[in-house]
Amino acid sequence: MKNVKKWFAIIVFLLPGLLLFIGILIAPIAVSAYRSLFDWDGFTEGTFIWFKNYKELFTSKSIMFGNALKNSLILAFFSVFVQLPIALGLALLLGRKIKGEKFFLSIFFMPVLISTVVIGQLWLKIYNPDYGLINQLLDLLHLENLKHVWVAEVEPIGIFKNVPFLKNIPIALGSIIVPTIWQYVGYHMLLMYAGVKGVSTDLREAAMLDGATAGQIDRYIVIPTIKPIIRVSVIFAVTGSLKTYDLVRILTNGGPFQKTQVPSTLLEDMLFLRNRYGMGSTISVMLILLCFAFALVITAVFRERDK
Amino acid sequence: MKKTDTKAVIKQESVTEKAPKPVAQVFIWIFLIFWTLLNLFPIYFMFTFSLKSNAEIFGENIIGLPKEWLWSNYSTAMNTGKMWLYFLNSILVTVAAIAISIMAGMMATYAITRIKWKMSKLTNAFFMLGLTIPIQASIVPVYVILSKASKVPGLNMIFGLNRYTTLIIPYAAFSLSMAILICTGFMTEIPFDLDEAATIDGCGFFRTFFKIILPLMKPAVSTVGIYSFLQCWNEFMFANVFISDSVHRTLPVGIKELSGQHTTNWGPIGAALVIATFPTLIAYLFLSKKIQASFIAGAVKG
């Protein structure tokens with residue numbers, strides 16, 4: 001009797017959560033995986049075509065998934081190698097008992113709270129070719145030759161002209177990368193700052209007594225201690241870049257000429273522009289697999305380095 | 001200087017003043033102030049151009065304070081742009097989604113952490129899968145189900161595309177894993193003696209949950225609530241794909257539509273951006289510590 005009561009309670013307590021979780025997350029993923037093997041328009045039954053969607057995804061010249069994936073990986077590259085170092089630098093500086101530490105922390109975190117759609121609209125006004133902030137300021141400074149159409153420009157970014165790998169990044173993609181970095185530096189800084197503050201003051205003082213400079217303390221004590229947090233930040237930055245959608249939709253809509261297309265916008269186009277629900281499901285499945293794969297690889301890399 | 005002297009000097013410093021040396025401090029400050037301006041300037045620009053006329057924004061007065069404060073931009077955004085409706089929609093959708101996910105999350109956490117059974121750890125791990133699943137993963141099937149439900153008479157009154165539930169239920173589902181993660185942290189800290197005492201007094205699982213555990217979970221509710229609030233308030237992809245009529249639009253989609261219609265008139269767009277942003281920023285002024293703490297709680301274990 002007691003057991004019946006217990007199991008009844010367990011089931012009742014779990015039921016709402018399980019219904020939501022299975023109904024909206026788990027079952028749809030299973031359906032996505034199944035439907036990714038179909039040529040399907042979303043309304044008819046569709047035809048089962050095995051892995052042809054996956055093959056087409058990576059080979060088709062009209063879908064250009066490779067291009068979309070490359071764009072999101074470029075975003076991931078800049079997030080990891082530009083955004084995270086800035087965030088780490090700020091977190092370490094604020095961890096040094098700077099006057100106004102809490103004030104700076106609060107300001108730097110502020111952009112995280114603003115909706116990406118608002119950020120996107122705001123930057124559209126900054127980038128506007130005729131009346132935008134950047135071009136108007138360039139006019140005032142008589143630097144007309146630096147003016148660009150920004151979000152609609154296929155031209156590669158000037159400063160990377162001689163850098164291998166980066167020399168073909170169009171300005172349009174660059175104008176998505178800048179606000180993304182700008183918005184989320186504060187987020188990663190906050191996580192790292194929480195880690196920096198967790199380093200025991202005894203350890204710091206002992207190092208100081210041994211004559212270590214602030215830089216050495218950061219390098220040899222603080223950074224190794226907050227490594228798990230850095231790992232989480234790297235995973236968030238990479239999977240966040242793979243999932244990116246809002247800023248692309250608002251700033252460039254994937255254009256010009258698909259140059260800024262990312263997997264999520266491609267997924268939406270498959271549904272609404274081409275009625276290809278099977279292919280849309282394939283992109284969903286690829287996104288889940290890529291997010292999990294990158295999370296595992298990043299964790300493995302960090303573990304390897306610890307040895 | 002002899003070694004002992006350096007030690008003495010450093011020791012003295014570390015005891016009295018742990019901050020860096022004055023020169024270094026100045027450089028750090030210059031850098032931090034530069035970064036502060038970089039963070040605040042776009043927000044300042046947004047606020048000022050929301051109160052300007054096109055003539056000022058387009059050349060007369062690009063970055064200064066408005067010469068003439070055009071509050072009419074706000075009434076244009078509110079009335080012609082229907083921002084008041086989108087604002088109320090956002091509040092309704094967000095609050096309902098958070099309420100559902102917190103309630104479902106706390107109940108699940110109770111079953112997982114405070115009732116002893118074999119599969120509880122596994123169930124928890126199952127829910128934690130949700131932390132890494134991207135929102136895009138379920139968009140195609142959910143969209144198809146919603147559009148099919150829209151064609152069923154009766155059911156389409158409450159469920160289907162272009163309803164409030166269209167967003168509330170997915171938002172609640174996608175907030176659930178984080179709610180369980182955070183609630184687990186809080187709930188395991190409540191002493192288990194309380195449950196035992198309650199059982200001795202004749203309370204069943206349900207009375208124990210509602211009368212004893214729930215009242216002690218207030219800090220968890222605010223942590224989860226703040227975190228989920230920002231996720232739902234700012235969510236754009238589902239809102240953009242699932243809602244096509246203007247009656248059920250939330251703020252992010254409303255802003256996108258407004259700026260599509262008013263491409264040549266920037267003031268009202270700026271006003272709409274401010275309307276969507278300032279509630280969060282004002283709340284942040286008063287609750288900055290709490291908000292930061294909830295973001296840390298949401299990431300450290302994730």
Side-chain angles (χ1 to χ4, degrees), chain A residues 6 9-10 13-14 16-17 20-21 24-25 28-29 31-32 35 42 90 93 96-98 104 106-111 113-118 121-122 125-126 131 133 136 187 190-191 194 205 208-209 211 214 232 243 245-246 249-250 264 267-268 271 277 280-281 284 287-288 291-292 295, chain B residues 6-7 10-11 14 18-20 28 32 35-36 39-40 42 45-46 57-58 62 104-105 107-108 110-111 115 117 127 130 132-134 136-144 169-170 172-173 176 205 230 234 236-237 241 252 255-256 259 266 269 273 276-277 280-281 284 288 292 295-296 299:
Chain A
K6 186 175 100 177
I10 290 172
F13 277 112
L14 283 180
L20 267 182
F21 193 66
I24 304 290
L25 274 90
I29 289 175
V31 174
S32 285
R35 281 298 182 177
L90 290 171
L93 285 182
R96 287 185 190 174
K97 306 215 172 199
I98 295 288
F104 287 121
S106 298
I107 297 285
F108 298 163
F109 185 67
M110 222 156 75
L113 304 169
I114 302 173
S115 139
T116 10
V117 173
V118 171
Q121 289 296 344
L122 181 57
K125 304 301 174 227
I126 294 175
Y131 309 114
L133 199 56
Q136 291 206 58
Y187 177 69
L190 179 72
L191 300 189
E205 278 181 17
M208 272 181 154
L209 287 183
V232 171
K243 293 187 278 187
Y245 169 83
D246 302 10
R249 250 303 157 258
I250 298 291
S264 296
L267 163 61
E268 198 193 355
L271 302 189
Y277 286 65
S281 307
S284 287
L287 266 176
I288 307 171
C291 284
F292 273 98
Chain B
T6 7
K7 269 195 175 174
I10 292 167
K11 189 169 186 181
S14 75
K18 271 174 238 149
I28 293 173
L32 291 176
W35 196 259
T36 305
N39 273 274
L40 289 182
F45 175 64
M46 172 172 83
I57 308 168
F58 293 171
I62 309 165
M107 286 170 70
Y110 179 78
I115 304 180
W117 49 297
F127 278 120
T132 22
I133 294 176
Q136 286 87 339
S138 64
I139 196 162
V140 182
V142 172
Y143 180 74
V144 171
I169 293 172
L176 186 68
F205 290 116
L230 286 159
N234 296 336
F236 179 57
M237 190 173 189
V241 173
I255 286 170
K256 185 191 145 226
S259 66
W266 286 21
I269 300 176
L273 299 183
T277 307
T280 2
L281 290 188
Y284 183 58
S288 60
Q292 290 166 8
F295 270 79
I296 293 169

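The chains referred to below are lettered A, B, ... by the order of the sequence lines, with proteins before strands, and numbering in each begins at 1.
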Is [X] close to chain A through its backbone or its side chain, or both, or neither, when contacts mean heavy atoms under 4.5 Å?
X        : value
B:Leu40  : side chain
B:Ala276 : side chain
B:Val144 : side chain
B:Leu281 : side chain
B:Phe127 : both
B:Thr36  : both

I'd like to verify something: which residue of A:Ser106, A:Gly17, A:Ser32 has the highest number of heavy-atom pairs under 4.5 Å with chain B?
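Looking at each option in turn, the highest pair count goes to A:Ser106.
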Chain B: which of A:Asp246, A:Ile250, A:Val31 shares the most heavy-atom pairs with it under 4.5 Å?
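Among A:Asp246, A:Ile250, A:Val31, the one with the most close pairs to chain B is A:Asp246.
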Aromatic ring proximity, centroids under 6.0 angstrom, A:Phe13 and B:Phe205
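No, too far apart.
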If every non-hydrogen atom of [X] is compared with every non-hydrogen atom of [Y], which pair is closest and at what distance?
X        : Y        : result
A:Leu20  : B:Ala172 : CD1-CB, 4.0 Å
A:Leu190 : B:Gln292 : CD2-O, 3.6 Å
A:Leu122 : B:Pro42  : CD2-O, 3.5 Å
B:Pro252 : A:Val117 : O-CG1, 3.4 Å
B:Pro141 : A:Pro28  : CG-O, 3.2 Å
A:Pro111 : B:Asn39  : CG-OD1, 3.1 Å

B:Phe295 and A:Phe109 aromatic ring geometry - parallel, tilted or perpendicular at 30°/60° bounds
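The rings of A:Phe109 and B:Phe295 stand perpendicular, inter-plane angle above 60°.
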Identify which part of A:Leu267 has an atom lying under 4.5 Å from any heavy atom of chain B, answering side chain, backbone, both or neither.
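The side chain, not the backbone.
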Tell me, for A:Ile10 versus chain B, whether the close heavy atoms (under 4.5 Å) come from the side chain, the backbone, both or neither.
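Both backbone and side chain.
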Nearest-0.5 Å distance that lies between atom [atom1] in [X] and atom [atom2] in [Y]:
X        : Y        : atom1 : atom2 : value
B:Ile133 : A:Ile29  : CD1   : CD1   : 3.5 Å
B:Ile139 : A:Leu271 : CD1   : CG    : 7.0 Å
A:Lys6   : B:Ile115 : NZ    : CD1   : 8.0 Å
B:Phe236 : A:Tyr245 : CZ    : OH    : 5.0 Å
A:Lys125 : B:Met46  : NZ    : CE    : 13.0 Å
B:Leu273 : A:Ile114 : CG    : CD1   : 9.5 Å

If you apply the rule side-chain contact (heavy atoms from CB on, under 4.5 Å), what do you find for B:Ile255 with A:Gln121, and how did you get there?
CA-CA 8 Å; B:Ile255 286 170; A:Gln121 289 296 344; 3.6 Å; yes
A:Gln136 side chain to B:Ile57 backbone, donor-acceptor under 3.5 Å
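Pair found, side chain donor or acceptor close to backbone of B:Ile57.
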Flag, side chain of B:Gln136 to backbone of A:Lys243, donor-acceptor distance under 3.5 Å:
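Checked: pair present.
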Beyond-backbone contact of [X] with [Y], side-chain heavy atoms, under 4.5 angstrom:
X        : Y        : value
A:Phe104 : B:Ile28  : no
A:Leu25  : B:Ser138 : no
B:Leu32  : A:Leu90  : yes

In terms of heavy-atom pairs under 4.5 Å with chain A, which of B:Tyr110, B:Phe45, B:Tyr143, B:Trp266 leads?
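So the answer, after comparing B:Tyr110, B:Phe45, B:Tyr143, B:Trp266, is B:Trp266.
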Which one, B:Ser288, B:Gly105, B:Pro170, B:Ser259, leads in non-hydrogen pairs under 4.5 Å with chain A?
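Most pairs with chain A among the choices: B:Ser259.
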Above 12 or not: heavy atoms from other molecules or residues under 6.0 Å from OH of A:Tyr131?
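Counting other residues, nucleotides and ligands, OH of A:Tyr131 stays at 12 neighbours or fewer.
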